[in-house]
**Student:** 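Submitted below is the structure of interest, expressed as structure tokens.
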Amino acid sequence: MSSNAAVPFWRAAGMTYITYSNICANLVRNCLKEPYKTEAISRERVHFAVSKWTDGKPETPTIRTDTPDN
């Protein structure tokens, strides 16, 4: 089945939507003036927990913090 629907430009460029949205977010954060820029960059950090499951039960979660590279 062929579709003539328009393809989003990020998809045509070979990107995922997450990659596209991260690029846009970085551009917006870099355009802000101080003190808003520093606040926005500090909120960029990501904290999450990873749990490995064994025999249908979660093991102790590992807390991770990832800071994106600029």
Side-chain angles (χ1 to χ4, degrees):
M1 180 172 168
S2 178
S3 174
N4 292 332
V7 176
F9 67 90
W10 51 266
R11 177 68 68 198
M15 287 190 252
T16 64
Y17 182 75
I18 297 296
T19 303
Y20 164 72
S21 64
N22 283 337
I23 290 170
C24 291
N26 282 331
L27 289 170
V28 170
R29 281 191 289 270
N30 288 331
C31 290
L32 293 172
K33 293 182 180 178
E34 292 298 340
Y36 307 109
K37 183 176 185 175
T38 304
E39 287 179 38
I41 290 173
S42 71
R43 288 190 305 262
E44 186 178 14
R45 292 183 187 89
V46 179
H47 306 282
F48 58 95
V50 177
S51 294
K52 188 174 183 180
W53 289 69
T54 306
D55 297 325
K57 296 183 181 180
E59 294 179 359
T60 306
T62 304
I63 307 297
R64 297 214 27 204
T65 301
D66 287 353
T67 304
D69 297 329
N70 287 352

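Residue numbers run from 1 in the order of the sequence given.
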**Student:** According to salt bridge (Lys or Arg N to Asp or Glu O under 4.0 Å), does anything in residues 15-30 pair up with another residue at least two apart or in another chain? List the pairs.
**Tutor:** Arg29-Glu44
**Student:** Mind checking what makes side-chain hydrogen bond (donor to acceptor under 3.5 Å, both in side chains) contact with Thr54, not counting sequence neighbours?
**Tutor:** Glu59
**Student:** Report the residues that fulfil side-chain hydrogen bond (donor to acceptor under 3.5 Å, both in side chains) with Thr62, sequence neighbours left out, ordered by chain and then residue number.
**Tutor:** none
**Student:** Using 0.5 Å steps for rounding, measure from the OG1 atom of Thr38 to the CG atom of Leu32.
**Tutor:** 9.5 Å
**Student:** Please enumerate all residues that pass side-chain hydrogen bond (donor to acceptor under 3.5 Å, both in side chains) together with Thr16, with sequence neighbours excluded.
**Tutor:** Thr19
**Student:** Under 4.5 Å between side-chain heavy atoms, chaining through other members, with only Ile, Leu, Val, Met, Phe, Trp and Tyr counted: pull out the rest of the cluster around Ile23, sorted by chain and number.
**Tutor:** Phe9, Trp10, Met15, Tyr17, Tyr20, Leu27
**Student:** Test of understanding: with side-chain hydrogen bond (donor to acceptor under 3.5 Å, both in side chains), list the residues that count as partners of Glu39, not counting sequence neighbours.
**Tutor:** none
